[in-house]
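Read the numbers this way: they start at 1 and go in the same order the structure lists the ligands and their atoms.
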Amino acid sequence: MMDAELKMQFLFALRSKGIMDKRVLEAMESIDRGAFLRGGVFSARAYEDMPLPIACGQTISQPSVVGLMTQALDVRPRDKVLEVGTGSGYQAAILSQLARRVYTVERHRRLVTEARAVFDALGLVNITTLIADGSFGLPEQAPFDRILVTAAAEDAPGPLLAQLRVGGIMVVPVGQSDAVQSLIKVTRSEAGFDYDELAPVRFVPLLEGLGQD
Ligand code: SAH
């Protein structure tokens, strides 16, 4: 568990990066990021505001970026949320505190198995995990109130836009994977899609198909 001093520093770092939403801060206070590093060599750095390596050559996102994305997503208690890119499962766990149900899709089986074990251990019963190429979304559960993509696409993927409910919000990092990307907020109205650019970010790329492990 987070000790009180570390927790204060962690929350201070989030606030200083512009995370002001009370529900987001409460969710990030109650979910221990250390649990998603599974006692690996980087566990000691779990409460620092930096991305860290996880299995399969992937990364657990920086806490302030998780906060920023979650805040921009403006999740409401009745929402059905899709996350593409489960990774460690940390972001999905934060979303599970704010939404009715979270579907999280990941292309690496090993990451899904490991994240599932942490969700079970923490009693996060409203998260459904799936092994799939998330760029096609999850047509059988669409439409979604909120969609969060945690890997960088060259553009907001068409199938995901199509699975966003009218009135819904999608947050997605857009741009080349080897460059700085833009975090984009897409809002769907009756008339179409509105795009807002939020911040420069760096994510691993959204890849096609399933991973090797
Ligand atoms: N949200 C994660 C961090 C994600 S890192 C966390 O909180 O830890 C991005 C993840 O997206 C990686 O695990 C990568 O394997 C996954 N990914 C990349 N392309 C994907 C795709 N097409 N479908 C599903 N997952 C994908």
Backbone N/O of Val112 and side chain of Glu106: donor-acceptor pair under 3.5 Å: no
Whether the Ser88 and Gln58 side chains hold a donor-acceptor pair (N or O, under 3.5 Å, no angle test) is what I'd like checked. no
Arg188 side chain to Val166 main-chain N or O, any donor-acceptor pair under 3.5 Å? no
Tabulation required: pairs of a nitrogen or oxygen in ligand 1 and a protein nitrogen or oxygen under 3.5 Å; columns are atom names and distance to 0.1 Å; otherwise 'none'.
unit_1, atom_1, unit_2, atom_2, d
ligand 1, 1 (N), Glu83, OE2, 3.0
ligand 1, 1 (N), Gly85, O, 3.0
ligand 1, 1 (N), Thr150, OG1, 3.1
ligand 1, 7 (O), Gln91, N, 3.0
ligand 1, 8 (O), Ser88, N, 3.0
ligand 1, 8 (O), Ser88, OG, 2.6
ligand 1, 13 (O), Glu106, OE1, 2.7
ligand 1, 13 (O), Glu106, OE2, 3.4
ligand 1, 15 (O), Glu106, OE2, 2.7
ligand 1, 19 (N), Leu207, N, 2.9
ligand 1, 22 (N), Asp133, OD1, 2.8
ligand 1, 22 (N), Leu207, O, 2.6
ligand 1, 23 (N), Gly134, N, 2.7
ligand 1, 25 (N), Arg107, N, 3.4

Set of ring pair (Phe, Tyr, Trp, His ring centres under 6.0 Å) partners for Phe119, sequence neighbours left out: none
Do Asp196 side-chain atoms and Lys185 backbone N/O form a donor-acceptor pair below 3.5 Å? no
State yes or no: do Leu95 and Leu164 share one hydrophobic cluster built from I, L, V, M, F, W and Y residues joined by side-chain heavy-atom distances below 4.5 Å, directly or via other members? no
